[in-house]
Amino acid sequence: MPIYEYICQSCGHQFEKIVKLNESPNCPSCDSSELEKQFTGAVVSTSRSRAKSFQEARGRASSIKKEKDHAQAEYERNYIKDHS
Ligand SMILES: [Zn+2]
C-alpha cells in the first residue's frame, strides 16, 4: 500500500498517510480535502526499481559478453584449423 505525503492547501499542514485505492484523505488538522499530493514514497520505489533494472541490465550485458567471447574463441579455433 502506498504512503503519500500531503500538504494541506487550506492550513499548510503536512502529513503522511497510507491511502487505499480511490480514497481521498482529509487534513487531520482542519479536515479540509484540499490536499496537494507529494511524491516522496514514489521516488523511493522508483529509485529502488531503477537500481534493480540496472542490475538486470548489467547481468544481461555480462552474459552477452560471455557469448561473444565464446563466439570469438570458436572463430579462432576454426581459423587455426582452416589455416594450418
Ligand atoms: Zn488543513
Side-chain angles (χ1 to χ4, degrees):
M1 226 177 281
I3 296 176
Y4 294 112
E5 193 173 305
Y6 292 91
I7 296 174
C8 176
Q9 299 296 289
S10 177
C11 74
H13 187 69
Q14 193 174 337
F15 61 100
E16 286 179 350
K17 197 167 166 62
I18 295 170
V19 181
K20 296 183 194 110
L21 205 65
N22 296 325
E23 188 189 57
S24 40
N26 286 2
C27 174
S29 175
C30 70
D31 207 38
S32 168
S33 57
E34 299 287 311
L35 304 172
E36 190 185 306
K37 198 188 271 182
Q38 305 293 296
F39 293 102
T40 45
V43 168
V44 171
S45 74
T46 302
S47 67
R48 205 180 280 147
S49 64
R50 200 178 290 150
K52 188 168 176 285
S53 64
F54 177 72
Q55 280 177 348
E56 281 170 2
R58 256 209 342 210
R60 264 201 302 278
S62 80
S63 76
I64 287 166
K65 191 188 180 307
K66 248 178 254 160
E67 276 170 41
K68 237 188 233 164
D69 288 350
H70 183 75
Q72 180 70 20
E74 196 95 317
Y75 172 80
E76 280 168 11
R77 250 201 315 278
N78 289 335
Y79 184 86
I80 290 162
K81 199 169 66 193
D82 292 348
H83 291 80
S84 56

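On a predicted model such as this, the values are computed, not experimentally measured, just so you know. Atoms within each ligand, like the ligands themselves, are counted from 1 in listed order.
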Check: Taking the six-membered ring of Y4 as reference, does the NZ or CZ atom of K37 fall below 6.0 Å from its centre and within a 45° cone about the axis?
Finding: yes
Margin query: Using side-chain heavy atoms (C-beta onward) and a distance below 4.5 Å, is Y75 in contact with R77?
Written below: no
Next item on the list: Report the C-alpha separation of C8 and C30 in whole Å, then their side-chain angles, then the decisive distance to 0.1 Å, and conclude whether the side-chain contact (heavy atoms from CB on, under 4.5 Å) test is met.
Entry: CA-CA 9 Å; C8 176; C30 70; 3.7 Å; yes
Checklist line | Under 2.8 Å: N/O/S of H13 next to the Zn ion (ligand 1) | finding: no
Checklist line | Apex the Zn ion (ligand 1); atoms C11 SG and C30 SG; angle rounded to 10 degrees | finding: 110°
Margin query: Nearest 10°: the angle subtended at the Zn ion (ligand 1) by C27 SG and C8 SG?
Written below: 110°
Check: Has Q9 got more than 12 heavy atoms of other residues, nucleotides or ligands less than 6.0 Å from its CD?
Finding: yes
